[in-house]
S.K.: 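Structure provided below as structure tokens; questions to follow.
Note that these values count all heavy atoms, side chains included, but never hydrogens, waters or copies made by symmetry.
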Amino acid sequence: MTRHRREANERLRELCPQGEGWQERGLRERAKHHAEAHLTPRDLHTLRLQLPAGTLIHICENPRVVEAAADAACAQPLVCTSGSAATVVFTLLDALATTGCRFAYHGDFDWPGITVANRVIRRYEALSWRMGAADYEHLAARSQAEGIPQLALEGRPVSADWDPDLAPAMTALGVALHEEATLDLLVADLSRQA
């Protein structure tokens with residue numbers, strides 16, 4: 001076993017739920033094999049989530065980010081909103097927040113994505129994660145250079161609480177970018193040791 005894989009497995013053990021119930025054992029087994037897990041409100045009422053205070057939890061919008069992170073055997077904790085954050089996501093994040101976790105959020109560069117980001121960032125004082133105007137401009141240029149079809153940015157502009165230059169940059173370029181446009185960068189961030 002490589003040193004990196006051993007450290008990742010040690011880190012995963014400290015992020016897994018405590019207890020010897022079938023749910024806890026099942027989630028630990030999935031984490032050991034770097035497989036994503038989907039939790040329900042019922043799961044969250046019975047699981048004991050105990051993480052070291054100060055643990056940084058990354059939050060994404062698109063399940064494809066979770067799949068790519070699992071494929072790359074990333075050890076950093078990641079929660080996916082699967083679009084607009086639902087009650088189960090907020091229940092999970094609330095539980096993690098009570099243990100002293102910190103959060104970093106990334107979502108789509110479109111107006112609904114900025115709206116969700118504002119909600120999460122406000123509620124948890126989360127950091128923005130590759131969600132600045134410079135990130136957007138870089139990704140838009142890279143996507144165009146790679147010949148990726150451009151998606152028109154539609155709807156009413158929404159100001160980003162964390163970067164006053166983001167909405168004007170998005171309006172100027174008029175391009176919507178989904179999380180897949182930054183997948184390689186997000187996975188690289190999640191692959192780093194904390």
S.K.: With rounding to the nearest 0.5 Å, note down the distance linking CD1 in Ile148 to CG in Leu139.
M.R.: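 With rounding to 0.5 Å, CD1 (Ile148) is 9.5 Å from CG (Leu139).
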S.K.: Could you tell me the separation between the CZ atom of Phe109 and the CD atom of Glu179, rounded to the nearest 0.5 Å?
M.R.: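 CD of Glu179 is found 9.0 Å from CZ of Phe109.
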S.K.: Looking at CZ of Arg42 and CD of Gln23, how far apart are the two atoms once the value is rounded to the nearest 0.5 Å?
M.R.: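 One gets 7.5 Å once the value is rounded to the nearest 0.5 Å.
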S.K.: Side chains of Thr115 and Asn118: any donor to acceptor distance under 3.5 Å?
M.R.: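 Asn118 vs Thr115: no donor-acceptor pair found between side chains.
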S.K.: In the single-linkage hydrophobic clustering (I, L, V, M, F, W, Y; side-chain heavy atoms under 4.5 Å), do Trp111 and Tyr105 co-cluster?
M.R.: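 Yes.
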S.K.: Is there a donor-acceptor pair under 3.5 Å between the side chain of Thr99 and the backbone N or O of Leu96?
M.R.: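 Pair found, side chain donor or acceptor close to backbone of Leu96.
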S.K.: Are any non-hydrogen side-chain atoms of Leu186 and Cys60 less than 4.5 angstrom apart?
M.R.: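 A side-chain contact is absent here, since even the closest heavy-atom pair is not under 4.5 Å.
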S.K.: Hey, does the side chain of Arg142 reach the backbone of Ala181 with a donor-acceptor pair shorter than 3.5 angstrom?
M.R.: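 Yes, Arg142 side chain to Ala181 backbone: donor-acceptor pair under 3.5 Å.
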S.K.: State whether the number of non-hydrogen atoms from other residues, nucleotides or ligands found under 6.0 Å of Glu125 atom CD is greater than 12.
M.R.: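 No, the 6.0 Å shell around CD holds no more than 12 heavy atoms from other groups.
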S.K.: Is Leu39 close to Leu27 at the side-chain level, that is, under 4.5 Å between some pair of heavy atoms?
M.R.: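 Yes, at least one pair of side-chain atoms sits under 4.5 Å.
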S.K.: Rounded to the nearest 0.5 Å, how far does OG1 of Thr87 lie from CG of Leu44?
M.R.: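 The distance works out to 11.0 Å.
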S.K.: I'd like to check Asp94 versus Arg123 (side-chain heavy atoms, cut-off strictly below 4.5 Å). Are they in contact?
M.R.: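 Yes, their side chains come closer than 4.5 Å.
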S.K.: Please determine whether residues Leu127 and Val65 belong to a single hydrophobic cluster, defined as Ile, Leu, Val, Met, Phe, Trp and Tyr linked transitively by side-chain heavy-atom distances below 4.5 Å.
M.R.: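 They do not share one cluster, since no chain of ILVMFWY contacts under 4.5 Å joins Leu127 to Val65.
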S.K.: What pair of heavy atoms forms the shortest contact from Arg119 to Phe90, and how long is it?
M.R.: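 Minimum heavy-atom contact is NH2-CE1, 2.8 Å.
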S.K.: Quick check against the 3.5 Å criterion: does Glu61 have a side-chain atom that pairs as donor or acceptor with the backbone of Asp108?
M.R.: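 Judged by distance alone, yes, a pair lies under 3.5 Å.
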S.K.: Just wondering, do Ile121 and Ser128 contact through their side chains at under 4.5 Å, heavy atoms?
M.R.: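 Ser128 reaches Ile121 side chain to side chain.
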S.K.: Is there a chain of hydrophobic side chains (I, L, V, M, F, W, Y, each step under 4.5 Å between heavy atoms) that links Ile57 to Val88?
M.R.: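 The answer is yes; both residues are in one hydrophobic cluster.
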S.K.: Determine whether Leu166 and Leu173 fall in the same hydrophobic cluster, where Ile, Leu, Val, Met, Phe, Trp and Tyr are linked whenever their side-chain heavy atoms lie under 4.5 Å apart.
M.R.: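 Yes, Leu166 and Leu173 fall within the same hydrophobic cluster.
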S.K.: Atom CH2 in Trp22, atom CD in Glu29: separation rounded to 0.5 Å?
M.R.: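 If I round to the nearest 0.5 Å, the distance is 14.5 Å.
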S.K.: Does any part of the side chain of Asp163, heavy atoms only, come nearer than 4.5 Å to the side chain of Tyr136, both counted from C-beta?
M.R.: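 No, every pair of side-chain atoms sits at 4.5 Å or beyond.
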S.K.: Which atom pair, heavy atoms only, marks the closest approach of Thr171 to Leu153?
M.R.: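 Looking at all heavy atoms of both residues, the shortest contact is N-CD2, 4.3 Å.
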S.K.: Taking the side chain as every heavy atom from C-beta outward, state whether Leu177 and Leu151 have any pair of such atoms under 4.5 Å apart.
M.R.: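 In short, these two side chains do not touch, never coming nearer than 4.5 Å.
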S.K.: Which heavy atom of Ala97 sits nearest a heavy atom of Tyr124, and at what distance?
M.R.: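 Where Ala97 meets Tyr124 most closely, the heavy atoms are CB-CD2, 4.2 Å.
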S.K.: Within the supplied structure, the quantity of interest is the number of heavy atoms (other residues, nucleotides, ligands) at a distance under 6.0 Å from Gln144 CD; does it exceed 12?
M.R.: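 No - once you tally the heavy atoms of other residues, nucleotides and ligands closer than 6.0 Å, there are 12 at most.
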S.K.: Closest approach of Ile114 and Ser159, non-hydrogen atoms and distance?
M.R.: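 Residues Ile114 and Ser159, closest heavy atoms: CG2-O, 4.0 Å.
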S.K.: For the CE atom of Met170 and the CD atom of Glu137, what is their distance to the nearest 0.5 Å?
M.R.: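 That separation rounds to 11.0 Å.
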S.K.: Determine the minimum heavy-atom distance between Ala126 and Val120, stating which atoms define it.
M.R.: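 What the structure gives for the nearest pair is CB-O, 4.2 Å.
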S.K.: How about His106 and Leu185: do any of their side-chain heavy atoms sit closer than 4.5 Å?
M.R.: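 Contact flag for His106/Leu185 side chains = no.
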S.K.: Do you know which two heavy atoms are closest between Asp135 and Met131, and how far apart they sit?
M.R.: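 The pair with the smallest heavy-atom distance is OD2-N, 3.2 Å.
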S.K.: Is the closest side-chain heavy-atom distance between Leu190 and Trp129 below 4.5 Å?
M.R.: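 They are in side-chain contact.
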S.K.: Looking just at side-chain N and O atoms, do Asp189 and Gln76 make a donor-acceptor pair shorter than 3.5 Å?
M.R.: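 The criterion, which ignores hydrogens and geometry beyond distance, is not satisfied for Gln76 and Asp189.
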